[in-house]
Amino acid sequence: ISSLHTATRESWVVGGRNIARDWVRKLEGRPDWNRIAAPLTAVLDALAPFTREALPAVESIEAIQRLAEVSGASAIAEDDCKAAMSDAGAAMRKLALHKFHGLLREMRAEFLRTGNPVLRAGDLLRAVTEQAAVRNVRLPEVALDRVRVLGMRELRAVSFKRVFCLGLTD
């Protein structure tokens, strides 16, 4: 995949509507064609389901999972973590990818349970985006002094250096 990434950048492949003209022809004359042909074919095949107007929801989720697999997303996140040991962002991206895979598994199971509706690509994108938006991945917080707002039940058996009680009403 890294060879394919380099080749597409060097050949100015930035998209297009015709895969043969806009991708394959630009790349097949390169000296490293034999090395990049298989990953290119795998990625293009994984993208094919997204060219259809609508798909059963489970098939769409499986297509997203397949695309993440053939693009090497997990390996890239792992390598990113190893290369940037001090970069908390790399670990966060790896965790976010892991959570995204979990989200896809949950959505697939739910779509199976609800009858596998046929969804347009935009509706699928909206569903995945909405579900991803309610989940978050944050950097671990440093355990410094901070303000905590707690109710009476949460305060039981907890000790603090300073406690402020504001506006206690029924």
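Any value given below was found using the heavy atoms of this structure, including those in side chains, with hydrogens, waters and symmetry copies removed. Nothing here was measured: the structure is a model prediction, and the numbers come from that model.
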Checking Leu55, Leu119, Leu112, Leu124 against Ile61 for side chain to side chain contact (heavy atoms under 4.5 Å, CB included), the one that qualifies is Leu124
CD (Glu78) and NZ (Lys94) are apart, to the nearest 0.5 Å, by 3.5 Å
Distance col, row His101:NE2 vs Gln65:CD, nearest 0.5 angstrom, shows 8.0 Å
**Asked** Are the side chain of Asn116 and the backbone of Val58 linked by a donor-acceptor contact shorter than 3.5 Å?
**Response** yes
In Val128, Thr129, Asp123, the residue satisfying side chain to side chain contact (heavy atoms under 4.5 Å, CB included) with Arg126 is Asp123
- Chi angles and distances behind the side chain to side chain contact (heavy atoms under 4.5 Å, CB included) call for Thr51, Leu47: CA-CA 7 Å; Thr51 63; Leu47 286 169; 5.9 Å; no
- Given the rule that I, L, V, M, F, W and Y join up when any side-chain heavy atoms are under 4.5 Å apart, are Phe50 and Val43 in one cluster? yes
Here the gap from Leu103 atom CG to Ile64 atom CD1, rounded to the nearest 0.5 Å, amounts to 9.0 Å
**Request:** Apply the test side chain to side chain contact (heavy atoms under 4.5 Å, CB included) to residues Phe100 and Leu95: give CA-CA distance (whole Å), side-chain angles for both, the deciding distance (0.1 Å), then the verdict.
**Result:** CA-CA 9 Å; Phe100 181 67; Leu95 178 59; over 6 Å; no
_SB check Arg52 Glu59 (cutoff 4.0 Å)_ = yes
Heavy-atom closest pair (Thr114 atom, Pro117 atom, distance to 0.1 Å) is OG1-CD, 4.2 Å
Is there a path of hydrophobic side-chain contacts, each under 4.5 Å between heavy atoms, that joins Leu97 and Leu104?
no
Separation between CD (Glu110) and CD (Glu106), nearest 0.5 Å, reads 9.5 Å
Of all heavy-atom pairs linking Val70 and Ala42, the shortest is CG2-O, 3.7 Å
